[in-house]
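Note that the structure is a prediction, hence the values are computed from the model and not measured. In the text below, chain A, chain B and the rest are named by the order of the sequence lines, each starting its count at 1.
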Amino acid sequence: MRWSKTHIPTLKEDPQEAEIPSHRLMLRAGLIRRLGGGLYTFLPLGLKALRNVERIVREEMDRAGAIEVLMPALQPREIWEQSGRYELLSNVMFRIRDRQDRDLVLGPTHEEIITDLVAREINSYRQLPKTFYQIQTKFRDEIRPRFGLMRAKEFSMKDAYSFNTSPEDLETSYQAMYQAYVRIFERCGLRTKAVEADSGAMGGSSSHEFMVLADAGEDGIVECDACAYAANLERAERRAVAPADETPDRQPEPIATPGHKTIEDVARFLKAKPTDLIKTLIYTANGQPIAVLVPGDRDLNEHKLARLLPGQTLAMADDAQIEKATGAPVGFAGPVGLSLPIYADVSLQGRRRVITGANRADTHLQGVDLTRDVTFTAFADLAICREGDGCPRCAGTLHEKRGIEVGHVFKLGTKYSECFKATYLDPNGKEQVMIMGCYGIGVTRTLQAVIEQSHDAQGIIWPASIAPYQIAILPLNVSHAESLKTAESLMTTLEAQGFSVILDDRDERPGFKFKDADLLGFPLRVVVSERSLAAGQVEIKRRGVDEKVMVSCAEAAQKIVELLK
RNA sequence: CGGGGCAUAGCGCAGACUGGUAGCGCGUUUGGUUCGGGACCAAAAGGUCGAGGGUUCAAAUCCCUCUGCCCCGACCA
């Protein structure tokens with residue numbers, strides 16, 4: 001491809017709309033352009049790179065035995081009501097009405113559609129297991145789209161769904177997908193980390209997220225420095241710590257704390273450490289108030305609370321509910337004398353000298369012995385993990401990192417197959433419900449994650465597997481006939497061997513071409529100049545590596561092929 | 001949805017406080033000189049100053065309303 005024949009609108013200056021490196025570079029390199037919030041056009045080179053990611057995903061899905069389908073992005077409302085997710089995902093779904101006044105949604109995902117399809121099409125154990133996948137545009141009315149393709153309202157996703165006959169069978173499919181994901185991200189040149197994840201609104205049990213480690217990542221994760229344990233913060237557990245408090249020598253004693261409501265405030269006022277305080281949070285579970293206790297220096301992990309109280313709808317109590325439940329305004333709740341179910345973080349078990357709210361305005365209680373003064377409903381790991389916590393699996397220490405979630409594999413179970421009656425007859429002629437797994441990869445997000453993880457001050461550094469062009473040939477002086485001829489013949493040779501090549505045929509100064517080539521990040525750069533040609537040679541340089549090599553024109557193609565391996 | 005910020009040429013920005021001819025850099029076009037790390041000179045094109053309303057002899061500038069975008073938070077396969 002000739003540079004002048006395609007469209008590569010590079011920008012010299014940083015666009016104002018972009019915040020993180022990958023987003024800036026995608027705009028500067030002329031890969032994408034913004035249409036509206038969370039909506040992007042792929043320009044020619046951006047699309048080429050995207051197609052390369054898709055190709056890798058397809059190849060590995062096929063290799064893993066998954067079969068490709070394509071389902072509608074536009075879906076009838078009814079199918080979502082059947083699973084109950086029309087309500088559940090109402091805040092994410094784009095809704096549309098057609099001329100018949102029929103309600104439709106733009107699909108945020110496709111569990112309902114595939115399960116409905118499979119329920120109609122498959123009815124024998126002989127047809128199972130099967131894993132279907134597609135690469136489709138998904139639509140989600142994100143509360144806050146950001147960082148370009150990282151979180152967009154319209155984005156490309158590969159989603160796969162396995163239909164299995166037993167937990168063991170599911171495990172096999174799950175592992176096949178897991179391994180395919182490892183290969184996919186490796187081929188994309190990404191360093192990823194698989195972490196244990198919360199299955200969230202999807203339902204289901206086991207789940208892993210594939211995280212690209214990056215400071216700009218939206219998800220917090222922890223990993224152990226001694227063993228393989230790694231988890232999303234939503235999920236991450238920690239080793240319980242032994243209590244260190246001495247036996248108290250007094251009864252709980254009210255102390256005036258006028259106007260001091262926050263932990264920091266109270267701690268400063270009483271000259272105590274935040275760890276000496278107990279944070280008492282009032283939630284409602286199915287509308288009924290409950291108290292949740294965590295150490296003063298920690299935050300509650302609502303996901304953990306939700307897992308402790310399965311099936312219950314949880315919400316933070318509002319001011320009125322708190323006053324009603326504790327008899328005190330917000331900021332002075334405490335467990336002593338509180339007649340609510342009380343759940344507490346494990347690290348509070350055995351604490352015998354702490355400060356809590358007194359359930360009275362402007363008052364706290366000192367010298368509280370939790371073992372003596374409070375009756376607990378249950379202790380559980382309820383706090384959000386953080387840097388330095390103990391690993392739940394070994395004696396190691398957890399460290400906090402940021403990650404971009406590029407893939408997610410789930411064991412779904414029978415949630416959807418039951419709704420849609422996806423059943424089959426087993427060898428005994430007995431009807432069974434299929435067990436499902438689902439497996440997603442954010443394709444557009446993966447593309448941007450590659451750039452986030454592989455760039456320098458000059459621009460993108462593409463892995464050869466997804467670079468829009470693997471080789472850039474730069475004739476420095478296009479009016480020098482021999483330069484152009486050499487460049488063109490090299491392009492022809494390389495293209496014939498299946499490589500993607502771009503030839504910078506623009507009448508620009510050398511520095512200008514170098515800057516663009518670096519910004520675009522082509523893995524291999526071949527410079528053809530009058531100077532090198534005088535010695536019968538061309539110059540080859542790898543992006544991201546300083547070294548340049550001179551090779552004879554005759555050997556150039558062969559050398560390039562070697563370097564791209 | 002709460003908080004903050006921004007909106008002036010294709011892109012990045014100044015001008016606004018103190019109302020009076022709309023500017024700079026990059027990019028684009030033309031001509032010339034240049035030619036191994038985003039060249040130089042000269043000329044030129046390009047703007048209903050986000051939209052609507054108000055104040056005023058006069059509004060990019062002051063006032064009101066709306067819209068869009070960005071950031072933080074809440075939220076979130």
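If you check C1(B), G36(B), G37(B) against the side chain of Gln458(A), the one that comes closest is G37(B). If you check C72(B), G36(B), C13(B) against the side chain of Arg144(A), the one that comes closest is C72(B). When each of C75(B), G36(B), G38(B) is scored by its nearest atom to the side-chain atoms of Arg146(A), the top-ranked nucleotide is C75(B). Closest to the side chain of Arg509(A), from the set C72(B), A39(B), G25(B), is A39(B). Distance from the side chain of Lys515(A) is smallest to G37(B) among G37(B), C70(B), G36(B). Among the nucleotides A74(B), G36(B), C13(B), the one closest to any side-chain atom of Pro510(A) is G36(B).
Separating the P atom of C17(B) from that of C1(B) is a span of 33 Å, rounded to the nearest Å. Comparing the C1' positions of G47(B) and G10(B) gives an interatomic distance of 12 Å, to the nearest angstrom. Using atom P as the reference point in both C63(B) and G46(B), the two lie 33 Å apart (nearest Å). For the C1' atoms, the distance linking A59(B) with A45(B) amounts to 28 Å, nearest Å. Look at the P atom in both G38(B) and U33(B): the space between them is 22 Å, to the nearest Å. Taking the P atoms as reference points, A16(B) lies 26 Å from G54(B), given to the whole Å. Taking atom C1' on both G20(B) and U61(B), the two are 11 Å apart, rounded to the nearest angstrom. Distance check on atom C1': C72(B) versus U65(B) gives 26 Å, rounded to whole Å.
Using a 4.0 Å heavy-atom distance criterion, Phe155(A) is classed as making no nucleic acid contact. As judged by a 4.0 angstrom heavy-atom cut-off over every strand, Tyr161(A) is placed among the base-contacting residues. Among the atoms of the strands shown, only primed sugar atoms or phosphate atoms (P, OP1, OP2) are found under 4.0 Å from some heavy atom of Asp14(A). Heavy atoms of Glu142(A) sit nowhere under 4.0 angstrom from any nucleic acid atom. At a threshold of 4.0 angstrom between heavy atoms, the contacts of Arg525(A) include nucleobase atoms, whether or not backbone atoms are also involved. Across all strands shown, Glu13(A) has heavy atoms under 4.0 Å from base atoms, whether or not it also approaches the sugar-phosphate. Within 4.0 Å (heavy atoms only), Arg34(A) reaches sugar-phosphate atoms of the nucleic acid but no base atom. Counting any heavy atom pair closer than 4.0 Å across all strands shown, Arg28(A) reaches a base atom.
A donor atom on one side chain and an acceptor atom on the other are found under 3.5 Å apart for Gln175(A) and Glu171(A). Side-chain contact annotation: Glu539(A) with Ser532(A), donor-acceptor N/O pair under 3.5 Å absent.
Taking only side-chain nitrogens and oxygens, Lys513(A) never comes nearer than 4.0 Å to OP1 or OP2 of G37(B). Of the side-chain N and O atoms in Arg531(A), none sit less than 4.0 angstrom from OP1 or OP2 of C35(B).
Judged by Watson-Crick or G-U wobble contacts below 3.5 Å, the nucleotide C75(B) has no partner. When both pairing distances are held under 3.5 Å, G25(B) makes a Watson-Crick or G-U pair with C11(B). Across all strands shown, A60(B) has no partner, as no Watson-Crick or G-U wobble contact with both distances under 3.5 Å is found. In this structure U55(B) sits in no base pair that meets the Watson-Crick or G-U test at under 3.5 Å. Pairing for C35(B) is absent, with no Watson-Crick or G-U wobble pair whose two atom distances lie under 3.5 Å. With a cut-off of 3.5 Å on both pairing distances, the Watson-Crick or G-U wobble partner of C69(B) is G5(B). Using Watson-Crick or G-U wobble geometry with both donor-acceptor distances under 3.5 Å, A42(B) finds its partner in U30(B). Shown here, C17(B) forms no base pair; nothing in the strands shown gives a Watson-Crick or G-U wobble contact with both key distances under 3.5 Å.
For an aromatic pair to be called close, the ring centres must be under 6.0 Å apart, and Tyr439(A) with Tyr178(A) fails this.
A straight line from CD of Glu405(A) to C1' of C75(B) spans 15 Å, rounded to a whole angstrom. Here G25(B) presents its C1' atom at 14 Å from CG of Leu11(A), a figure rounded to the nearest Å. Whole-Å rounding puts the Glu218(A) CD to C71(B) C1' distance at 13 Å. Whole-Å rounding puts the Ile8(A) CD1 to C11(B) C1' distance at 18 Å. Rounded to a whole Å, the CD atom of Glu19(A) is 16 Å from the P atom of G5(B). Atom pair Lys12(A):NZ and G27(B):C1' shows a separation of 8 Å (rounding to whole Å applied). Taking atom CZ of residue Arg506(A) and atom P of nucleotide U28(B), one finds them 10 Å apart after rounding to whole Å. Counting to the nearest Å, the P atom of C70(B) and the NE2 atom of His23(A) are 8 Å from each other.
Residue Phe147(A) is the one, among Phe147(A) and His110(A), whose nearest nucleotide of RNA chain B lies closer to the 5' end (criterion: closest heavy atom). Toward the 5' end of RNA chain B, the nearer of the two residues Gly38(A) and Glu209(A), judged by each one's closest nucleotide, is Gly38(A).
Cation-pi geometry between Arg95(A) and Tyr86(A) is satisfied (NZ or CZ under 6.0 Å from the ring centre, within 45° of the ring normal).
Glu111(A) has a carboxylate O that lies under 4.0 Å from a charged side-chain N of Arg85(A), or vice versa, which qualifies the two as a salt bridge. Ion pairing between Arg543(A) and Asp456(A) holds under the 4.0 Å rule for side-chain N and carboxylate O. Electrostatic pairing of Glu234(A) and Arg307(A) does not count as a salt bridge here, judged by no charged N lying under 4.0 Å from a carboxylate O.
The 12-atom threshold is not exceeded at CD of Glu547(A), counting heavy atoms of other residues, nucleotides or ligands nearer than 6.0 Å.
Ring planes of Tyr40(A) and His23(A): perpendicular class, angle over 60° (limits at 30 and 60°).
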